[in-house]
Protein chains: 2
Amino acid sequence: MSKKKNKPFRPKARRPRGFEDKPAELLRAERKLIDAAFSVYDMHGFEPLQTPAFEFADALGKFLPDEDRPNVGVFALQDDDDQWLSLRYDLTAPLARFVAENYDALAKPYRRYQAGSVYRNEKPGPGRFREFVQCDADSVGAAGPAADAEMIMLAAEVMRAAGLKDGQYAVRVNNRKLLDGILESSGVPNTDEGALQRLQVLRAIDKLDRLGAEGVEALLGEGREDESGDYTNGAGLGTAGIKAVLGFTTASDADRGTTIATLEKLVGTSARGLEGCKELTTIDSILTATGFGPDRVSYDTSIVRGLGYYTGPVFEAELLADIRDKKGRPVRIGSIGGGGRYDDLVSRFRGQTVPATGFSFGVSRFLSALQRMDALEQSVKPPVIICAFDRSLMGDYFKMAEELRAANIRAEVFVGSGNVTKQMKYADRRNAQIAVLMGEDELAKGEVTLKDLYLGAEAAKAIQSNEEWKSSRPAQETVSREGFVGAVKAMLS
Amino acid sequence: MSKKKNKPFRPKARRPRGFEDKPAELLRAERKLIDAAFSVYDMHGFEPLQTPAFEFADALGKFLPDEDRPNVGVFALQDDDDQWLSLRYDLTAPLARFVAENYDALAKPYRRYQAGSVYRNEKPGPGRFREFVQCDADSVGAAGPAADAEMIMLAAEVMRAAGLKDGQYAVRVNNRKLLDGILESSGVPNTDEGALQRLQVLRAIDKLDRLGAEGVEALLGEGREDESGDYTNGAGLGTAGIKAVLGFTTASDADRGTTIATLEKLVGTSARGLEGCKELTTIDSILTATGFGPDRVSYDTSIVRGLGYYTGPVFEAELLADIRDKKGRPVRIGSIGGGGRYDDLVSRFRGQTVPATGFSFGVSRFLSALQRMDALEQSVKPPVIICAFDRSLMGDYFKMAEELRAANIRAEVFVGSGNVTKQMKYADRRNAQIAVLMGEDELAKGEVTLKDLYLGAEAAKAIQSNEEWKSSRPAQETVSREGFVGAVKAMLS
């Protein structure tokens with residue numbers, strides 16, 4: 001098969017852009033985080049599900065079946081029967097397919113959790129990968145706000161399970177129906193007809209941070225010319241509508257009940273708006289009964305992202321730590337996930353509305369936030385390294401390693417090549433604290449030598465002369481072979 | 001964008017062939033198995049690694065860069081810069097790429113473990129998927145047989161960690177160098193020149209079960225005509241060679257030392273064969289020192305699979321349970337994984353040999369074997385279901401669920417729609433043992449009703465008349481709200 005038989009093809013060892021090799025420390029933290037979340041979901045009666053990496057492109061919904069090429073943003077390929085397959089770009093679309101495929105067999109509400117890689121065929125950047133891990137929980141077939149309250153509480157519980165203290169995170173809740181209602185009361189019909197105006201309002205609110213109230217006011221009304229002279233059409237609301245929308249963005253109070261009272265006034269007589277208020281009232285009563293105070297879950301009308309996608313309550317989970325970067329500037333941690341109600345999940349397959357609500361977080365995003373908050377603990381210590389001092393004694397070395405492991409101490413025999421100096425260098429690179437040495441002589445005497453490499457490194461800094469170093473042999477201890485496990489334990493502690 | 005705006009496209013909810021949705025029970029068992037293996041690897045000083053799903057096709061090595069279409073067997077697609085990307089088909093090829101890419105930065109031996117989905121674009125069948133999970137551990141940069149001994153012991157330790165008892169599994173070890181040596185002594189040069197003959201010999205031995213010694217003898221010599229008249233060319237060994245090879249296939253003894261002694265005679269003066277014997281001797285001494293008896297690890301020259309791929313010691317992990325299928329026929333469990341030494345891992349990238357040895361097992365294969373052996377425990381019990389008897393009391397119900405979870409009892413509030421009858425049906429489908437009921441009246445009285453659905457189902461079988469059923473209210477208990485967690489606990493036990 002090879003064209004150049006005499007000069008073998010030698011590929012360059014490299015990764016495709018936007019794909020990463022995850023290092024050990026991160027992987028252990030990732031496993032711990034996912035385990036913590038899974039255990040929360042398990043305890044709440046959710047069941048795990050794992051859908052495959054591939055779905056039919058048309059089932060994922062980002063594909064137009066009459067085109068030759070799959071849509072941008074998705075990794076797709078043609079199967080041998082010419083059908084397009086896509087790698088999942090999230091865990092929600094496959095859930096929709098799964099529920100539609102197994103609708104009658106599932107006891108409803110069907111509450112499942114899943115974590116796994118998702119794939120985005122997009123331009124990668126720093127911290128922006130084309131393969132990353134999400135962790136989702138969803139309730140399908142659960143119409144009432146109690147199911148939303150449950151998802152909100154789960155989000156807060158996952159934060160705790162990840163090791164965060166109350167006060168280091170907040171779940172902020174909004175409801176799409178509120179803004180819909182306010183707009184309805186301001187003359188924007190709550191139908192497809194009003195869709196463009198609603199979108200313009202959402203976009204305007206989203207710019208509050210950047211443009212301030214005045215700029216947003218213009219965008220809600222006639223429109224606005226920016227500094228470069230570009231003109232953005234406004235949403236065309238009247239004075240009362242603009243006032244109501246701006247009032248909405250500042251309606252949040254630390255007390256959830258007070259916020260609801262403000263919102264009730266703003267939505268006026270809109271049935272949809274009042275429904276939104278009623279849902280928040282029910283959610284509040286459940287949160288209050290179960291002790292989820294406003295420090296953990298607050299009502300925040302400035303949460304806009306997702307208002308276009310979700311159909312009812314919507315929320316974000318944010319990390320709040322007061323931390324600084326290396327230059328002392330405050331670090332924005334921001335949202336690590338969110339969720340809400342989306343009642344049109346399965347409708348593309350079945351043509352019928354199935355109520356659903358869920359919570360999704362970005363595992364890598366969460367981990368890097370924890371990392372920046374110094375909240376990532378190293379769960380596994382470096383191993384004790386047993387040097388292969390005398391190759392004829394390998395059996396003895398492996399037995400010693402077994403004894404350490406039986407005492408729950410991570411341990412390995414050096415199985416590479418090289419003399420003791422090289423082995424010490426290896427122990428150092430593994431960040432090991434202890435190296436164990438035993439030769440023929442020591443074996444005969446029933447002795448073992450332990451080197452404390454941490455202490456040794458410190459001592460080495462202090463000691464000037466090489467002579468002195470050699471004669472003093474710091475951080476080294478000869479112990480009996482019988483009692484060596486205990487001696488290792490003592491040295492580690 | 002849509003061509004038929006009035007009639008929306010409604011995709012069929014279905015999966016691509018060979019891809020599965022994994023159910024809850026299996027997923028929990030899978031997580032447990034992988035955790036158990038990971039913990040063994042951690043304790044032995046290995047570090048986790050996660051490589052991405054995609055690699056450059058040329059780096060994976062199953063792709064010819066000058067062809068238009070990727071090779072059969074691999075899922076591949078073209079990136080936007082026209083380079084071919086492939087989904088990994090195993091975890092070894094990506095490891096090779098990773099080691100080559102980071103060679104100098106890695107402390108050697110580099111010992112890593114990894115579990116993850118691999119993808120094969122092959123014809124699926126029953127139990128044969130196009131996406132499945134493998135779990136690998138490898139030592140790279142470890143030349144001596146001590147590293148092989150370590151992998152063999154790890155394989156046995158993983159079997160134990162998976163919950164198997166000694167005697168329910170065996171790790172069977174062979175060494176490619178033995179057969180190479182025997183053939184060398186029989187005139188087959190230990191170079192590329194002898195490659196075809198060695199392959200023919202391997203294929204012949206592999207048919208021992210099916211053809212018996214006589215058929216294999218023919219295949220080792222001149223050749224053989226089968227019943228259909230098809231003729232297979234033989235390996236062309238002489239009488240002494242045939243005798244030596246047949247002697248090799250039956251050289252195994254329960255005692256590892258005895259097997260080695262037999263093999264030493266068979267390999268004659270071949271340096272390669274003697275090297276193989278020496279390696280087995282070293283491995284045996286380590287296994288013996290650490291107490292890995294012949295019941296856990298045996299030397300078995302009938303292990304042929306992998307002899308062509310691996311370059312030194314090779315082994316398989318087999319499950320041995322004496323079990324029967326539903327019709328009473330003995331069930332072959334067989335191999336769930338294997339490994340060995342492969343010293344040419346990184347050479348395609350670096351042009352230099354890097355010694356490596358590893359162990360890989362098929363997670364799904366292992367799980368289905370455990371399932372057939374009835375060795376899969378259900379790790380999570382069904383939840384207690386708190387019925388939403390009165391929607392105005394949802395806060396109270398969620399508080400009750402919280403109290404149960406605080407006592408480590410899995411619990412959920414019914415968040416779907418439907419009356420109590422429907423909720424009972426849901427509890428039943430969730431296989432829940434207990435349903436909790438509390439209405440306004442009970443709340444006022446400080447009482448809660450517990451239904452034992454398991455007992456109820458049994459009682460229902462016994463009771464004939466519907467009247468009797470209603471009046472006796474079997475398997476139902478009214479307890480105080482205060483003490484209800486204790487009452488649930490008592491009912492569960």
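In what follows, every chain begins at residue 1, and chains take the letters A, B, ... in the order their sequences are listed. In what follows, every heavy atom counts, from backbone to side chain, and hydrogens, waters and symmetry copies are set aside.
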Measure distances from [X] to the heavy atoms of chain B and classify the residue's part below 4.5 Å as side chain, backbone, both or neither.
X	answer
A:T51	both
A:D428	neither
A:K12	backbone
A:L49	both
A:R391	neither
A:M153	side chain

Would you call [X] and [Y] a side-chain contact if the rule is heavy atoms closer than 4.5 Å?
X	Y	answer
B:D79	A:R130	yes
B:F292	A:E402	yes
B:P11	A:F349	yes
B:D35	A:R31	yes

I'd like to know if the side chain of [X] reaches the main chain of [Y], judged simply by a donor and an acceptor atom lying under 3.5 Å from each other, with no hydrogens or angles considered.
X	Y	result
A:Q50	B:D21	no
A:R430	B:G45	yes
A:R429	B:A105	yes
B:R410	A:F46	yes

Residues in ring pair (Phe, Tyr, Trp, His ring centres under 6.0 Å) contact with A:F54, at least two apart in sequence or another chain: B:F19, B:F75
Salt bridge (charged side-chain N to carboxylate O under 4.0 Å, His left out) partners for B:E101, two or more places apart: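 B:E101 satisfies salt bridge (charged side-chain N to carboxylate O under 4.0 Å, His left out) with A:R15, B:R97 only.
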List the atom of [X], the atom of [Y], and the distance in Å for their closest heavy-atom pair.
X	Y	answer
B:R14	A:E55	O-OE1, 4.3 Å
A:R10	B:S347	NE-O, 4.2 Å
B:P52	A:E20	CD-O, 3.3 Å
B:A107	A:Y426	CB-CD1, 4.0 Å
B:P48	A:L27	C-CD1, 3.6 Å

Heavy-atom contact with chain A under 4.5 Å, split by part of B:L87: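 B:L87 touches chain A through side-chain heavy atoms alone.
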SB check B:D42 A:K381 (cutoff 4.0 Å):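 Answer for the salt bridge query: no.
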